[in-house]
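Indexing begins at 1, ligand by ligand and atom by atom, following the structure's order.
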Amino acid sequence: MKWKETVKGLKAYEPGKPIDAVKREFGLDEITKLASNENPLGCSPKVNAFLKNTDFNFALYPDGYAQDMRTAVANHAGVAEKDLLFGNGSDELISIICRALLSPETNTVMATPTFSQYKLNAVIEGAEVREVPLNANREHDLDAMLAAIDDQTSVVWVCSPNNPTGGITPTAAIQNFLAKVPEDVLVVLDEAYVEYVMDPDYADTLPLYKQYSNVLLMRTFSKAYGLAAFRVGYAIGQEALVRKLDPVRGPFNNTVLSQAIIPIALSDTDYIEKCRAINAAGKQQYIAFCEKHGLDYYPSETNFILFEIKADSNEVFQELMSRGYIVRSGAALGVPNYLRITIGTEQQNAGLLAQLEDILTKKGVLA
Ligand SMILES: *Cc1c(COP(=O)(O)O)cnc(C)c1O
C-alpha cells in the first residue's frame, strides 16, 4: 500500500483498558475508572428520562446542519448560530482544523505537555510540530510560543485549562498574546473543562473571538455534561472562519440522538452547578492527601488532578489497576513519577487514596 510517509510509524490511541478486560484479568467484581475525565455522576437525569421514551426513524440521516442543537447551543453560549461548528467530539474538530490548515509546508505551535491529539493530527498532515514547555508558573509560556511563530506557522493551540496539568492560562495573558499573533495564524483555544473553572483569572473568552477573526474557541459535552458517549463538541469562531472550516467536516457528523439530547442537557443548569460543587469538594480530598504526604501537585481547574507519587508511575498505575482502579500514568503523558486521576465521587476518591497510600507505603515512599 502507498501509505502517506507521515502515517507509517504511528500507533493508535491507547484509550486505557476497558473495564471488562480489567475485571477478567484481575478477577475483580468492581472497577472504578478515573482515567478519562468523564463525569463520575453521569449526565443530567433529564437526558436519561428522555432517552427512555424516544421514537426516531433510524433509517434517516440526521440533520446535517444540526438546527435544533445549534439553536440551543447558540442561546446557551450567547453567540450567533452561524458562529458555531459542530464536531463528533472536539477530537473531530481538531482533525478538521488540521486537515484544513496544516501541510508539510507549515508548522504548528503548542505547549508541552498538552492534549495529545493536536500533535497526532499535525503529524498526520506532515506539519512540523513546535512544542514549547510550560513556564515556571506551569502555564502556557505565551512569550516563548509567540517567539516560535514564523511565516510558516499556521495553527497555535492554547489548552486552557490544560490537559494533563489542569491549570488555566489567564484570559488577560491570552488577550495580550492575541494582540501580537499575526492575523493569518489561527489560534485555537481548547476549553474542554471550562464548566469546572473557578479561578477568577479566567474571564469570559467570548470577547476574544468577537475581537479577533483568527480565534476559535473549542468546547465539549464530554466532560462536565457527562455525555462523552454521544460525541459532541463545538467550536465558536467568526462566521467567515467557520464557513472555511465547514466543508472539511463530515456531512452528518452528529447523530440524531446526540442532536436531540443536547438541548435537554443544556436546559439542566442546576445539574452542572451540582457537578461543579461535588468536583470542587473531591479535588480537596486529593489536595489534602498530597499535603499530608508532601507530594507535589498541579493546581487544577478541572475534574482531574496531576500529582507526584515519587515512584515509577507505570508501576503504580499497574498496581492500582490490580486493585480495581484505572488511572492515567504520568509517564504516558510526558510527566513521569506523577499520576493523572479523574476526580470521582467522594467514596471513589477515598477508596482510591486508601489503596494509593498503601501502595506508596509498601514502596517506602511514604513514612
Ligand atoms: C477530552 C478532551 C477533548 C476531547 O473531547 P471530545 O469532545 O470527547 O472529543 C479535547 N480537548 C481536551 C483538552 C480534552 O481533555
Test of understanding: given a 4.0 Å heavy-atom threshold, classify the contact between Asn163 and ligand 1 as side chain, backbone, both, or neither. side chain
Under 3.5 Å: donor-acceptor pair, side chain of Glu301, backbone of Asp199: yes
So is [X] touching ligand 1 or not, going by heavy atoms under 4.0 Å?
X      : value
Gln117 : no
Arg231 : yes
Tyr193 : yes

Taking the six-membered ring of Tyr298 as reference, does the NZ or CZ atom of Arg138 fall below 6.0 Å from its centre and within a 45° cone about the axis? yes
Within 45° cone and under 6.0 Å: Arg328 NZ/CZ vs Phe317 ring: no
Would you indicate which of Val232, Leu227, Asp190 comes nearest to atom 12 (C) of ligand 1 when only heavy atoms are counted? Asp190
If you take the nearest heavy atom of each of Ser90, Ser116, Cys159, Ala228, which one is closest to atom 4 (C) of ligand 1? Ser90
Report, in ascending order of atom number, the atoms of ligand 1 lying under 4.0 Å from any heavy atom of Ser222. 6 (P), 7 (O), 8 (O)
Check the pair Tyr297, Tyr338 against ring-ring contact (aromatic ring centres under 6.0 Å, His included), reporting the backbone distance first and the verdict last. CA-CA 9 Å; Tyr297 62 92; Tyr338 283 66; over 10 Å; no
Closest approach of any protein heavy atom to atom 10 (C) of ligand 1, naming residue and atom: Phe115 CE2, 3.3 Å
What's the shortest distance from atom 14 (C) of ligand 1 to any protein heavy atom, and which residue and atom give it? Lys223 NZ, 3.0 Å
Using the benzene-type ring in the case of Trp, are the ring centres of Tyr193 and Phe304 under 6.0 Å apart? yes
Parallel, tilted or perpendicular for Phe289 and His293, by the 30°/60° rule? perpendicular
Over 60° means perpendicular and under 30° means parallel, so classify the ring planes of Tyr286 and Phe307, tilted if in between. tilted
